[in-house]
Number of protein chains: 6
Amino acid sequence: MTIDTFDATGVKPSHWNLASVIEQLRVSREATHNIRHQGRVRELPSREALQIIVNGLSAVLFPTHYGRPNLTDESIDYFVGDTLNTTLNRLTEQVRRGLQFSATEEVPDDAVLTQQAHAITREFAANLPGIRALLVSDVHAAFSGDPAATSVAEIMLCYPGTIAILYYRLAHCLHRLGSPFLARLISDIGHSLTGIDIHPGAQIGGSFFIDHGTGVVIGETAILGQRVRLYQHVTLGAKRFPADDQGVLIKGVPRHPVVEDDVVIYAGATILGRITIGAGSTIGGNVWLTQSVAPNSNVSQAQMRND
Amino acid sequence: MTIDTFDATGVKPSHWNLASVIEQLRVSREATHNIRHQGRVRELPSREALQIIVNGLSAVLFPTHYGRPNLTDESIDYFVGDTLNTTLNRLTEQVRRGLQFSATEEVPDDAVLTQQAHAITREFAANLPGIRALLVSDVHAAFSGDPAATSVAEIMLCYPGTIAILYYRLAHCLHRLGSPFLARLISDIGHSLTGIDIHPGAQIGGSFFIDHGTGVVIGETAILGQRVRLYQHVTLGAKRFPADDQGVLIKGVPRHPVVEDDVVIYAGATILGRITIGAGSTIGGNVWLTQSVAPNSNVSQAQMRND
Amino acid sequence: MTIDTFDATGVKPSHWNLASVIEQLRVSREATHNIRHQGRVRELPSREALQIIVNGLSAVLFPTHYGRPNLTDESIDYFVGDTLNTTLNRLTEQVRRGLQFSATEEVPDDAVLTQQAHAITREFAANLPGIRALLVSDVHAAFSGDPAATSVAEIMLCYPGTIAILYYRLAHCLHRLGSPFLARLISDIGHSLTGIDIHPGAQIGGSFFIDHGTGVVIGETAILGQRVRLYQHVTLGAKRFPADDQGVLIKGVPRHPVVEDDVVIYAGATILGRITIGAGSTIGGNVWLTQSVAPNSNVSQAQMRND
Amino acid sequence: MTIDTFDATGVKPSHWNLASVIEQLRVSREATHNIRHQGRVRELPSREALQIIVNGLSAVLFPTHYGRPNLTDESIDYFVGDTLNTTLNRLTEQVRRGLQFSATEEVPDDAVLTQQAHAITREFAANLPGIRALLVSDVHAAFSGDPAATSVAEIMLCYPGTIAILYYRLAHCLHRLGSPFLARLISDIGHSLTGIDIHPGAQIGGSFFIDHGTGVVIGETAILGQRVRLYQHVTLGAKRFPADDQGVLIKGVPRHPVVEDDVVIYAGATILGRITIGAGSTIGGNVWLTQSVAPNSNVSQAQMRND
Amino acid sequence: MTIDTFDATGVKPSHWNLASVIEQLRVSREATHNIRHQGRVRELPSREALQIIVNGLSAVLFPTHYGRPNLTDESIDYFVGDTLNTTLNRLTEQVRRGLQFSATEEVPDDAVLTQQAHAITREFAANLPGIRALLVSDVHAAFSGDPAATSVAEIMLCYPGTIAILYYRLAHCLHRLGSPFLARLISDIGHSLTGIDIHPGAQIGGSFFIDHGTGVVIGETAILGQRVRLYQHVTLGAKRFPADDQGVLIKGVPRHPVVEDDVVIYAGATILGRITIGAGSTIGGNVWLTQSVAPNSNVSQAQMRND
Amino acid sequence: MTIDTFDATGVKPSHWNLASVIEQLRVSREATHNIRHQGRVRELPSREALQIIVNGLSAVLFPTHYGRPNLTDESIDYFVGDTLNTTLNRLTEQVRRGLQFSATEEVPDDAVLTQQAHAITREFAANLPGIRALLVSDVHAAFSGDPAATSVAEIMLCYPGTIAILYYRLAHCLHRLGSPFLARLISDIGHSLTGIDIHPGAQIGGSFFIDHGTGVVIGETAILGQRVRLYQHVTLGAKRFPADDQGVLIKGVPRHPVVEDDVVIYAGATILGRITIGAGSTIGGNVWLTQSVAPNSNVSQAQMRND
């Protein structure tokens with residue numbers, strides 16, 4: 001459509017030695033992708049489609065905040081129903097594509113993948129009311145936890161933590177239902193929007209609040225209890241990565257912290273390894289922690305030098 | 001428009017138990033929104049509209065950098081005038097919506113809100129030349145403060161700090177004129193684009209420079225003087241949140257640092273509480289600071305262990 | 001097109017004292033831009049165009065991951081060729097604009113700039129296969145370095161580090177070929193998407209891996225060897241900025257770290273100044289380092305106080 | 001958004017004597033619009049919005065043909081409900097604007113217009129099932145009347161007559177309910193799409209079929225019975241326009257033909273004036289007719305000369 | 001995306017009795033579509049997709065006229081190849097959908113339809129060079145037949161006849177290869193753009209020229225030889241439609257004219273029935289003709305009365 | 001952007017023998033375009049850009065009808081000025097492209113063409129107030145000539161004749177100023193929108209009114225006086241085309257009718273050749289006329305046979 005006008009630049013087209021560059025790129029591709037025979041292609045899930053899908057799910061869960069400004073009691077369920085249906089159809093296609101990457105190396109049966117995609121998506125839909133309940137608890141935690149918050153609407157529209165948790169809870173559900181690739185993509189979109197990086201494999205209880213948020217990292221096997229509160233730049237990471245005899249990393253081993261109920265972790269704290277932060281503890285800002293702490297501990301950083 | 005083609009996915013539509021999911025979501029909404037009677041709806045401000053509005057204001061303030069590439073002396077004022085008019089009309093609508101959330105719980109009078117929205121927007125327009133002057137001082141501070149900067153154009157187009165300060169100065173003005181919800185939304189858009197989180201309530205003097213910027217957090221009641229310079233990951237935060245007898249947080253209490261003129265704060269420093277950083281001080285990287293320091297202080301972190 | 005409907009807001013247009021605001025803005029512009037005579041304008045490169053250009057280059061380098069989902073052996077080279085040609089034409093125009101800012105203050109000759117732009121773009125095209133080879137090494141480094149990674153596709157689609165390095169490698173090539181302004185713009189787009197800030201002037205060897213990534217800063221004169229691995233919030237920055245006798249910063253002096261081969265730097269470490277991190281060293285999380293360390297060093301932070 | 005790239009044409013901007021042209025245009029406007037005082041503006045209905053509205057109504061009436069390809073029994077009513085609600089909200093705004101032009105010259109009361117717009121739109125919605133029934137009869141008439149028609153789907157998607165009648169029936173309903181300006185706009189959009197020009201004031205019975213259609217004109221006061229069939233280039237027009245003593249045309253006088261049930265009119269026939277074509281008549285191609293004909297007449301053109 | 005802002009109209013949402021209208025529409029649908037059991041849906045071809053497909057085919061056939069303005073000898077085949085591949089993939093999907101309507105009433109096998117769609121599309125691709133040759137002959141006929149034509153480019157960009165013939169030749173090929181529904185849709189898009197209505201079943205030789213064109217109608221079984229020239233409002237139609245004993249029209253019977261080589265038919269002529277216009281004949285403007293004429297005839301209308 | 005989702009059709013990509021088809025198309029192109037050496041390309045004007053340009057000019061001429069709904073006395077000149085400037089810049093580029101086709105066969109000097117394009121566009125801008133005055137007279141003619149017209153707004157928004165005359169008057173001005181190719185393109189866009197085909201070379205006086213309009217054709221050398229009124233399907237065409245000794249048509253010879261002041265021509269009349277219709281005459285519907293008629297004549301068709 002607008003291609004013509006876009007290309008109408010002030011600089012005339014030139015000769016680029018296209019054939020040579022294209023040839024070299026083909027050789028380079030074939031060196032890395034020598035598996036690609038018979039023109040068979042695995043279609044990758046689409047980041048753009050997933051963004052639209054998450055927007056649709058957000059509108060379904062909170063139609064007045066993320067849907068449309070002019071919904072009425074008479075019309076709201078039609079909006080929710082139509083958006084939900086459209087979004088689930090779109091999600092199925094992406095789930096199907098994602099399953100190609102979980103499947104074993106041999107050619108997967110398209111019909112089987114489609115059936116699996118339908119089942120996962122249907123189960124996902126059934127989980128939406130439960131996800132909504134968790135998100136409502138998160139928003140309440142933010143409202144009662146931040147003195148700068150003036151309304152629920154502000155928390156839902158202006159807090160990156162809210163957005164990050166929304167993306168996480170949707171991604172985690174897909175991860176749990178057997179669509180890990182899609183879950184990762186949704187996570188990464190949320191990360192790009194908020195600067196908050198929560199792996200969809202992490203398990204996080206209700207009433208979760210992240211204030212400011214930029215730079216928060218929560219690893220794949222982390223477990224967080226109820227009413228945990230985090231500030232910006234908090235890392236819940238792995239300390240080391242166990243490798244097998246050939247030096248290849250072993251995947252999926254529990255290696256991130258367990259954070260029990262009612263823990264607060266202040267800005268910049270780095271907590272690494274499969275340690276446990278006991279319930280009710282407070283971890284101070286910039287703390288570097290690699291050992292478990294008992295419940296109700298209060299950990300803070302060594303003093304600074306002022307000269 | 002493209003709905004048809006988008007939905008033409010490789011996966012056939014399925015049956016999703018829509019009625020059951022929709023019913024559960026309705027019950028969940030009604031539990032949280034039991035206030036919503038009579039179909040009355042508060043329209044939320046639109047993040048998308050605000051993005052367009054900030055783009056318009058940027059173009060009005062710096063038409064050759066953020067407007068169009070082909071403006072001439074003959075045409076520039078027409079562009080500025082038309083963009084300003086369009087943008088102010090759009091802003092009024094968003095201000096009006098935002099005022100619904102500041103208004104008391106009872107049904108606000110639409111005509112009164114509209115009148116207020118017009119007044120705020122008109123006053124905002126009158127402040128634009130002053131905002132431009134401050135932004136010019138900020139850009140000059142960046143040029144003289146960063147050895148990597150090669151031109152004013154580079155600072156205006158390639159520095160996230162410039163964008164973050166632009167969003168902050170616009171948001172702060174709206175905050176001051178009585179549109180705090182809108183101000184927060186604009187702040188958060190800026191945060192999402194740059195990773196720099198400045199609350200619109202903060203007060204910041206001219207010639208302000210943030211280098212790199214990702215992870216900077218400046219709290220609601222912070223006060224910064226002239227010629228302050230910050231690096232990435234600096235936090236100017238609250239230490240603790242005073243609560244009332246019922247444990248409810250008290251909102252609006254001064255709880256963030258006062259940073260006087262000519263202070264430099266290096267990467268990763270965390271400064272918490274209503275303390276004062278005296279004029280001319282330098283705070284080193286990764287410093288954790290919760291007490292006031294005298295003017296011209298030089299604070300740095302304890303040494304590392306090298307083993 | 002949609003202007004009409006967009007402007008059909010619930011608030012009637014008002015009177016904004018446009019003439020006065022526009023007059024003040026013009027005076028403010030003329031004070032800062034007194035150079036602008038004779039209606040001559042330097043066209044700024046377009047951030048939007050550069051985003052489209054980087055998308056095009058990504059598709060050319062990795063057509064099945066960043067191009068289209070339905071390419072076949074028969075069609076892939078046509079896609080690559082057409083996308084490459086279109087993208088190079090667009091890039092030439094942006095290079096030409098960027099050169100206006102590198103040019104000396106006197107009016108540059110348009111024909112000369114255009115010729116230079118063609119030459120730079122043609123040379124850039126010739127570098128693409130080499131850039132691809134480096135990026136392939138980076139992706140392999142991620143796969144072998146992160147236990148959470150389950151497939152190459154996941155690393156290419158879901159890892160912000162991959163995106164940041166892709167933007168960096170394209171920007172660095174343009175920087176090296178004499179288009180520094182464009183290089184900076186591309187860097188900053190990558191920064192905005194990923195929270196990872198790599199100056200295009202930095203020199204970075206193959207098999208480079210950034211995990212999580214948010215908050216990483218790599219300065220203009222930094223030099224990184226082969227197989228370097230970084231985590232979130234790592235800064236490779238300058239310690240101080242040498243100024244000349246008038247206090248004006250001297251630009252371009254080497255002032256950022258040299259990181260040799262096979263170095264790992266954990267989350268939050270801040271490394272400042274023209275120091276050298278010897279090959280094979282490990283720098284622990286949150287470490288603050290301003291002195292060189294020998295090869296195979298293991299630097300970690302002082303202990304925390306637990307009370 | 002794409003303004004920048006669009007304007008990046010190969011031709012540099014020039015000096016256009018803008019001030020002079022703009023001044024002359026303002027003088028010209030003021031000469032014609034001397035009524036426009038006090039900045040008061042009547043907002044015109046939007047052709048673009050009406051196109052979207054008619055698309056929405058078409059989808060509501062025939063969701064599988066004009067809506068989406070993947071609707072199921074479970075989802076179709078949600079789609080219809082949400083589309084209907086959205087479309088009626090949009091229509092109300094356009095009806096309100098249109099009423100400003102029917103209103104008397106004095107300033108109309110906005111609240112009254114809005115109330116009228118709501119009432120008209122609600123009544124219009126109640127008429128939709130009846131309109132659907134008529135359209136179904138029209139489609140059946142096409143199927144049984146054209147030997148080239150192979151399916152109902154073909155008639156609904158590929159016959160300009162179907163589209164023209166759909167636009168007419170919607171426009172006629174609005175015309176009847178008191179929104180004549182909007183009705184005319186909808187008619188003209190239909191005319192532009194199909195080349196068939198039916199004034200919304202015309203009264204047309206069920207089972208109406210127009211074959212090919214280009215060039216058909218049906219005037220404001222025409223009355224057509226059941227099962228009328230027309231071919232391309234048929235005019236049902238006025239013969240002369242009665243004027244009052246000052247030579248001003250008298251508006252609204254019946255001046256177009258009455259066509260009774262079961263009449264067929266072949267291509268190019270021109271029928272003018274308030275005459276009656278009796279039931280069951282056939283009017284031959286290219287016939288020029290200005291007098292009534294009895295039921296079951298068979299009118300054809302004089303012979304051609306073949307030399 | 002722009003839904004929010006679009007719906008932000010000056011009129012508040014109202015109550016529309018949605019449930020009642022939706023219920024009535026459902027009843028009406030069920031009355032007409034009582035075949036629709038088990039949620040099975042035939043997806044209709046998409047008019048929007050077909051428009052994009054025809055644009056793609058036009059660009060493939062005449063890349064410098066209908067493709068992009070900046071193609072070079074080096075790049076043109078990449079553009080053609082990529083556009084062709086993309087367009088054929090899109091076409092296959094539409095062909096597949098269209099085949100559902102040609103299939104017998106019982107549930108068609110999806111795999112069989114897909115295979116047929118691939119075969120038809122592949123055959124269609126093989127016909128493109130032949131179609132191009134015919135279109136080149138048509139353009140030459142226009143250039144030599146119209147004294148107002150000043151260049152080939154003008155004929156290709158500004159003549160509705162050229163567009164109509166392009167749409168016809170593509171549609172006719174699909175019609176011949178077994179995709180009649182798609183062919184009709186493409187025809188109707190061309191009709192809507194140009195006012196020229198050519199049934200895809202018609203057979204038309206090379207060097208065909210339609211001047212001005214609005215209102216031309218060419219029926220399903222018409223046969224036109226080489227070098228035929230038509231003017232606006234010419235009809236090549238059916239005289240009567242044979243019906244069977246039950247009065248049902250018999251489909252597919254030859255009922256439109258045969259026009260031999262080198263015939264010219266002037267504006268407004270109406271030629272009806274399976275008659276033959278002998279080679280080299282000229283038919284005058286507004287002539288009404290229902291009998292065959294010998295080769296080299298010259299038919300004109302009876303004289304007018306001038307009073 | 002949406003390419004991915006669009007291509008995610010239900011049909012897998014196939015093998016199309018692309019190389020063979022592309023090869024044949026290349027051979028076919030080279031046979032017709034053997035002139036194209038050295039990769040030199042004449043860029044064609046863009047129909048899409050011209051549509052945007054005409055929209056811009058319409059908004060400049062009638063800002064409240066074709067511009068925006070919310071202009072005020074304070075803002076209207078900024079809107080007009082900015083739209084005019086943008087539109088003239090865009091027009092210049094298209095004029096420059098069009099001039100390549102008027103230029104002699106040898107390579108035109110780009111700088112010269114650009115200078116000519118600037119001059120033509122500047123002159124065109126100076127003509128806009130005069131064009132506006134003519135269009136105002138046309139609208140008044142419609143209002144007083146059609147009993148169905150209820151307001152000036154209706155005539156400007158709902159009458160295809162108004163749109164066709166607007167396109168004609170803009171195109172004619174460009175034609176007169178030396179940009180005939182562009183003029184033709186604008187004409188043809190108007191033709192496609194309205195079914196009214198006016199060659200930009202025709203000369204038409206003020207107060208011109210076309211009612212209904214579909215099918216009207218006005219040839220290149222036609223001359224129409226003041227206050228002419230036409231109905232649908234009127235042709236003002238050429239009777240025969242004089243050819244030179246080689247049988248090549250002679251271009252530009254006066255061959256269309258001269259219609260003097262105050263003539264009315266009813267629907268379907270066909271008037272051919274360089275004849276003169278005397279002032280004040282009335283030509284009846286469907287009349288076929290090839291000889292001049294005296295002033296104040298009243299020409300009507302022979303009677304029909306009624307059997």
Side-chain angles (χ1 to χ4, degrees), chain B residues 60-61 63-65 69-74 76-77 80-81 84-86 88-90 92-93 96 114 117-118 121-122 125-126 128-129 132-133 136 144-151 153-154 157-160 193-195 212 214-215 231-233 267-268 285-286 301-307, chain C residues 6-7 9-11 13-14 16-18 21-22 24-26 28 32 36 39 41 43-47 97 101 180-181 184-185 187-188 191-192 195 197 199 201 214-215 217 219-220 233 235 237-238 241 248-253 255 268 270 272 286-289 293 297-302:
Chain B
V60 161
L61 292 171
T64 56
H65 288 90
N70 60 2
L71 294 169
T72 58
D73 280 1
E74 182 192 37
I76 195 164
D77 274 353
V80 169
L84 180 56
N85 179 56
T86 300
L88 294 177
N89 284 336
R90 290 171 177 166
T92 313
E93 165 68 6
R96 183 186 68 77
T114 298
H118 274 133
T121 306
R122 195 173 296 113
L128 286 172
R132 188 180 194 279
V136 166
S144 59
D146 181 7
T150 59
S151 69
E154 184 187 342
L157 294 196
C158 311
Y159 276 55
L193 291 173
T194 65
H212 301 296
T214 309
Y231 288 81
Q232 67 270 23
H233 309 143
N286 274 19
Q301 202 189 25
Q303 286 298 63
M304 291 296 104
R305 192 173 47 139
N306 188 344
D307 50 18
Chain C
F6 184 86
D7 288 337
T9 57
V11 175
S14 177
W16 304 117
N17 299 316
L18 291 176
V21 178
I22 292 164
Q24 290 178 67
L25 289 171
R26 187 194 317 117
S28 170
T32 48
R36 174 198 281 269
V41 183
E43 302 146 280
L44 285 161
S46 158
R47 200 176 170 97
R97 293 196 195 179
F101 292 84
F181 191 2
R184 277 288 285 155
L185 259 166
S187 269
D188 189 52
H191 183 188
S192 178
D197 178 358
H199 195 286
T214 310
V217 174
E220 181 184 13
H233 308 144
T235 293
F241 304 144
V248 175
L249 297 179
I250 303 171
K251 313 227 163 193
V253 176
R255 61 195 182 281
T270 303
L272 303 181
N286 274 20
V287 160
W288 173 265
L289 193 63
V293 301
S297 298
N298 194 354
V299 183
S300 68
Q301 201 189 26

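Proteins come first, then strands; the chains are lettered A, B, ... in the order of their sequence lines, and each starts at number 1.
Considering CD of C:Glu43 and CG of B:Leu71, their distance stands at 11.0 Å, rounded to 0.5 Å. With rounding to the nearest 0.5 angstrom, the CG atom of B:Leu128 is 11.0 Å from the CD1 atom of C:Ile22. Atom CD of residue B:Gln232 and atom OG1 of residue C:Thr235 lie 4.0 Å apart, to the nearest 0.5 angstrom.
With a 4.5 angstrom heavy-atom cutoff, C:Thr270 touches chain B only via side-chain atoms. When heavy atoms are compared at a cutoff of 4.5 Å, B:His233 approaches chain C solely by way of its side chain, counted from C-beta outward. Contact of B:Glu154 with chain C is made through backbone and side chain together, with heavy-atom distances under 4.5 Å.
Ranked by non-hydrogen atom pairs under 4.5 Å with chain B, the options C:Arg26, C:Gln24, C:Glu220, C:Arg184 are led by C:Arg184. Ranked by non-hydrogen atom pairs under 4.5 Å with chain C, the options B:Thr150, B:Leu84, B:Val60, B:Leu61 are led by B:Leu84. Between chain C and the options B:Gly268, B:Gly81, B:Ser151, the largest number of non-hydrogen pairs under 4.5 Å is found for B:Gly81.
The side-chain heavy atoms of B:Thr121 and C:Trp16, taken from C-beta on, include a pair separated by under 4.5 Å. Looking only at side-chain heavy atoms (C-beta outward), B:Cys158 and C:Leu185 come within less than 4.5 Å of each other.
Every residue meeting the side-chain contact (heavy atoms from CB on, under 4.5 Å) condition with B:Asp146, not counting sequence neighbours, appears here in chain and number order: B:Ala148, B:Ala149, B:Tyr159, B:Phe209, B:Asp211. Taking the side-chain contact (heavy atoms from CB on, under 4.5 Å) definition, one finds that B:Ala125 meets it with B:Leu88, C:Val21, sequence neighbours left out.
Side-chain atoms of B:Arg132 never come within 3.5 Å of backbone atoms of C:Leu25 as a donor-acceptor pair (strictly under, hydrogens ignored).
The shortest heavy-atom contact between C:Asp188 and B:Pro160 is OD1-CD, 3.2 Å. B:Ala267 and C:Trp288 get closest at one heavy-atom pair: O-CZ3, 4.2 Å.
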Pair C:Val217, B:Thr214 - check side chain to side chain contact (heavy atoms under 4.5 Å, CB included), show working. CA-CA 9 Å; C:Val217 174; B:Thr214 309; 5.6 Å; no
Could you walk me through whether B:Leu157 and C:Arg47 pass the side chain to side chain contact (heavy atoms under 4.5 Å, CB included) check? CA-CA 8 Å; B:Leu157 294 196; C:Arg47 200 176 170 97; 5.7 Å; no
